[in-house]
Colleague: 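Can you read through this structure? Questions will come right after.
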Amino acid sequence: VPKIIDVTVPLSSEVPTFPGDPRFQMDFSHRIDRGEPYNVARLTLGAHSGTHVDAPYHFLSDGATVERLPLEVLVGPAVVAEVSAASRVDVADLERIDLDGEQRLLLKTRMSGQLRRPEFQEDFVYLTPEAAAHLVERGLRLVGIDYLSVEQFGSPDFAAHHTLLEAGVVIVEGLDLSEAAPGRYQMACLPLRIVGADGSPARVVLWKDA
Ligand SMILES: [Zn+2]
C-alpha cells in the first residue's frame with residue numbers, strides 16, 4: 001500500500017484568506033451538547049478558502065464552472081518541482097524543470113507551510129505572466145502553487161490567471177508541499193462538485209506508484 005501524502009491545508013478559522021475574501025467560519029445548527037440527537041456543522045466560506053481550485057469562470061464570465069472541470073485533468077501523474085525563487089517564478093526557473101510529456105506541475109516554493117500562519121503574506125511567491133504563458137506552450141493542463149494565488153499581489157490585470165484559465169489550464173492554489181519531496185507522483189485533486197461556482201476547496205493527495 002503506497003503512503004499517501006496529504007498536500008491539503010487544514011481548513012479552519014485560522015487559515016488566512018486572500019484580502020477581502022470571506023473567511024472560513026464554522027458553527028453548529030444542531031449540537032448534542034444542547035440536547036439535540038446529533039451535531040450538524042454550518043459552514044461559511046469563500047470558494048477560494050485554503051487549498052482550492054480556480055475554474056475558468058473565476059476570471060471569464062463565459063468560462064467553465066467548477067463542477068465541469070474534467071476529472072481526467074484533476075487526477076493523474078504530477079511533477080512536484082522545487083523552485084528557489086524568493087519572490088517570483090519566471091521562465092528561467094521553469095526551464096530547469098523536465099516537463100517533457102507532463103500535464104500536471106506543482107510548484108514547491110518557500111511558501112509551503114506558510115498557510116499555517118494566520119496572517120496573509122502579501123510577498124508570496126507568484127508566477128509571472130510570461131511563466132504562465134510558457135506553461136501553456138508546454139502543454140500543461142494543471143498548475144499548482146503553495147500560496148493563495150498564482151498572481152503577484154496587487155497585479156492590476158491578473159495576467160497569469162487569464163493566461164492559464166483562457167487556455168483551459170486548471171489552477172490549484174494553497175497547497176502545502178512541505179512533506180512532498182521533488183519528483184513524480186500520482187495526484188488526486190478533488191474539488192467539490194458545486195454547481196455554478198468559480199472554484200472550490202479541494203482535497204489534494206499525492207502518492208508514488210508502487
Ligand atoms: Zn487564483
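Counting convention: from 1, in listed order, for ligands and their atoms alike. Basis for what follows: all heavy atoms, side chains included, without hydrogens, waters or symmetry-related copies. It should be emphasised that the depicted structure is a prediction, and the values quoted were computed from it without experimental measurement.
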Colleague: Examine Leu142 and Val53 and state if one hydrophobic cluster contains both, with Ile, Leu, Val, Met, Phe, Trp and Tyr joined whenever side-chain heavy atoms are less than 4.5 Å apart.
Modeller: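 Same hydrophobic cluster.
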Colleague: Could you check, using the six-membered ring where one of them is a Trp, whether Tyr126 and Tyr147 have ring centers closer than 6.0 angstrom?
Modeller: no
Colleague: Heavy-atom distance under 4.5 Å between the side chains of Thr163 and Val136, does that happen here?
Modeller: yes
Colleague: Backbone N or O of Leu192 within a donor-acceptor pair of the Ser200 side chain at under 3.5 Å?
Modeller: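 Between the backbone of Leu192 and the side chain of Ser200 there is a qualifying donor-acceptor contact (under 3.5 Å).
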Colleague: Within a radius below 2.8 Å of the Zn ion (ligand 1), how many protein N, O or S atoms are present?
Modeller: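 That number is 4, waters not included.
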Colleague: Using the side chain to side chain contact (heavy atoms under 4.5 Å, CB included) definition, which of the options Val172, Val9, Thr109 pairs with Asp146?
Modeller: Thr109
Colleague: Just checking, any donor-acceptor pair under 3.5 angstrom between side chains of His134 and Asp90?
Modeller: no
